[in-house]
Engineer: 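Dumping the structure here so I can ask a few things about it.
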Amino acid sequence: MAVTPEFIEEMLGRISLSDIVGKRVKLVRKANRMNGLCPFHNEKTPSFYVNDAEGFYHCFGCNANGDAISFLRESEGLEFIEAVKQLASLAGMEMPQNEPVDKEAAQRRRTALDLLEVAANFYQRQLDQPDGEMAREYLENRGLSAEMRQEFRIGFAPRSGLYASLQQREFPAELMQRLGVTGRSERDGSVYDYFRNRIMFPIENRQGQVIAFGARAMGDAQPKYLNSPDGPSFTKGSVVYGWSQARARVRKGLPLVIVEGYMDVIAVSASGVAGALAPLGTAMTEQQIQLVWKLHKEPVLCFDGDSAGQKAAMRALERILPLLEPGRNVRFALMAEGQDPDDLLKSEGADGFARVLAGAVSLIDMLWMQKLREFGVDRPDSSPTQRAAFWDDIRQIGRTIAHNQTRSAFLDDIEFRIGTMRDSYRRPGGRLDYRPTGKSPARPQTGRIIRHKAILALLIAFPEHLALHVEPVVAIQIEDERLEELKNVLISQMIADPDLDAEAIRHHLERLEYTNILDDLFSADMIARFGMPLDRMSSDKAGDMLAELLGRAG
C-alpha cells in the first residue's frame, strides 16, 4: 500500500499528538508544551515532553523522540502501515488504494514548490526597484518596517517580468498557469503575469514553504485583495496566513490572535503583543480551527468592529462550538465600531491593543450577548415569546457540541443563565413582575441603590479587593437590573482572569456596552460621596470603605 508524503502531512495536520499520547501518559501543560512520565523507560521525575504545535515528542531521559506514527509503533508495537491506518481513521481520512508510489507526482510537487519560491524571490526583489516605489510608500505609511517586510517576505508584482523569469528557469508553462502565477488570454492565447501592480504576500505552509500568494491592489483596482486559486499545493480552507511567524511568537509565551487580513497579521506581529493568524478571505473552516489549536489552546478571535466583522465572528463561533473539548477553547476581543487591529495599534499603540486582548470575553459570553441582541431580549420591553425563542435557540446551539462532557458543562452554564434571567423577572422590583400581590411592587430604596453603586465603583477601581469579598458581593441583590448584570459580568470576568487591572476591566465593560452605567458610577456626584476621585484613593482606604459598605448593603 503506497502512502505518499502528502497524505502523511495532511493526516498529521488533522490530529493532535497530545490526544494520542494522552491515552497512555498523564500530561500536564507547561507553557506551550506538555510533559509527563516517559512511557518508554522508568522514571520518577517527568522528562517526557509533547509539542503539539510541532507535532513531536521527546524524552530528555532516554532520548526517545518522534511523531504520532512513531509513538504508536513504539508504544503499541505496530507496523508502520498499521499505525498510519489507525491515525488515518482518527483523522477521518480514507487510506489510499494499493497503488505504487507515483515518483512523477512527487517530482511535480517539488517542481511546483521550487517555482513558487522563485516567484516569491522575484516579487521581493521588485519591491526595491523603481516600479515598487508606490508600494514601498504605501507600506511605510502603514508603519511596516523593513524588518517586518523581510520577515513576511512582502514583495511587489510589476505589470510584467515574472513569466520571462520563470521561462529562463525552464519551468513548464502549464504548471505556471495551474499554480496561478500566469494566465492565458482568451483573445489571442498570449501568456501574461496573473498578479500585476499589486503588493504580494507569500502564503506559506507549516514547513515555511511558499504555496500561494495573496495580493493587494494599488490604487482603486478591483478586487482589492486577490488570492492564488486553489491548486495542487494550495487549498484556501486548510491554510492560515502567518503560521511560521505566529509560531515564533507563541513559543515566547505571547497570546495568539485570529484577525481578518494580511495587514492585521503583520501589524499585530510587529506590536510585540501577540502572534497573529488570518484565514484567507473566507469564514474559518474546521481544518483551520484545528490548525490554530495546534499552536495555541485558547486563541483570541479579534474581528473588525463593523457589522460584517461581527457576522464573521458569529460564523466562526458556530463553526467552533461543535469542536469544543477540554483544553480547546477560544475567546473574543470586541473591537470598536469600524475599527480593525491595525487601526487600533496606530491610534492607541501596543498598550491599547493589549487592553483589548485583556478584556476578551469567553465564547459563551459572546454567544449570549449576540443572541440577546438578535432576539431583542436586551431591551426592557421584550416579550415572553421573545425570551422563549431566545432560550430555545441558545439551547439548540449548545447541543451541537460533540464532546459529551463539554456539551453538558456548556448546557449547565446556559441553564444557570436562563434561571438567573427568570429570577430577575419574578423578583419584586424585577423588570416584569406579573405575580398578583394585591399591591404595587416596592420601589427601590434610594440609599440602598447608592450604596450598591459605590460598591461596584470601588470594585472596578480596585479589583484586587473582589477576591476578599466575593461571597458578600455575590449575595447582594441589586434592584436595578442593569447594575445587577454589571455585577455578575464583573464577577465572571475576575474569576476568569484574576490578574486584570482596573483599566482592563473598564475597557472590557465598555466593550460590553456598559459605558453609560460606568459614567454614572464615576460621576461627579459619586466622587463627592467618596470625598475624592478614586484614582487618588489608596487601596487600603478603598478596602476599608468597601468592607463598611458591604456590612450594610443588604
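Here the structure is a predicted model, which is why all the values come from computation and not from measurement.
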Engineer: Under the side chain to side chain contact (heavy atoms under 4.5 Å, CB included) rule, collect the residues that match up with D19, sequence neighbours excluded.
Structural biologist: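 So D19 forms a side chain to side chain contact (heavy atoms under 4.5 Å, CB included) with S16, E325, R328.
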
Engineer: F40 and F71: aromatic ring centres closer than 6.0 Å?
Structural biologist: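 Yes; F71 has its ring centre under 6.0 Å from that of F40.
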
Engineer: For the pair Y225 and Y262, name the ring-plane relationship: parallel under 30°, tilted 30 to 60°, perpendicular over 60°.
Structural biologist: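 Plane angle between 30° and 60°, so tilted.
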
Engineer: Closer than 4.0 angstrom, basic N to acidic O: yes or no for R29 and E298?
Structural biologist: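 No.
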
Engineer: Counting only heavy atoms not in D188, do more than 12 sit closer than 6.0 Å to its CG atom?
Structural biologist: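 Result for CG/D188: enclosed.
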
Engineer: Taking R407 for its side chain and A402 for its backbone only, find out whether a donor-acceptor pair lies under 3.5 Å.
Structural biologist: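 It does hold such a pair.
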
Engineer: Test of understanding: with side chain to side chain contact (heavy atoms under 4.5 Å, CB included), list the residues that count as partners of D351, not counting sequence neighbours.
Structural biologist: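 Here the qualifying residues are R355.
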
Engineer: Using a strict 4.0 Å threshold on nitrogen-to-oxygen distance, state whether E204 and R247 make a salt bridge.
Structural biologist: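 Salt bridge between E204 and R247, a charged N being under 4.0 Å from a carboxylate O: no.
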
Engineer: Walk me through whether R110 and D114 qualify under salt bridge (Lys or Arg N to Asp or Glu O under 4.0 Å).
Structural biologist: CA-CA 6 Å; R110 286 194 292 270; D114 288 344; over 6 Å; no

Engineer: Is the Y57-F48 ring centre distance short of 6.0 angstrom?
Structural biologist: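 Under 6.0 Å, so yes.
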
Engineer: Can you give each donor-acceptor pair under 3.5 Å made by side-chain atoms of residues 117-136, sequence neighbours left out, with the distance rounded to 0.1 Å?
Structural biologist:
| residue | atom | partner | partner atom | Å |
| --- | --- | --- | --- | --- |
| E117 | OE1 | R153 | NH1 | 3.2 |
| E117 | OE2 | R153 | NH1 | 3.3 |
| E117 | OE2 | R153 | NH2 | 3.0 |
| N121 | OD1 | R153 | NH2 | 2.9 |
| N121 | ND2 | E117 | O | 3.3 |
| Q124 | OE1 | R153 | NE | 3.1 |
| Q124 | OE1 | R153 | NH2 | 3.4 |
| R136 | NH1 | L127 | O | 2.7 |
| R136 | NH1 | Q129 | O | 2.8 |

Engineer: Given E9, which partner from the list R206, R14, R109 fulfils the salt bridge (Lys or Arg N to Asp or Glu O under 4.0 Å) test?
Structural biologist: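 Among R206, R14, R109, the one that satisfies the salt bridge (Lys or Arg N to Asp or Glu O under 4.0 Å) with E9 is R109.
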
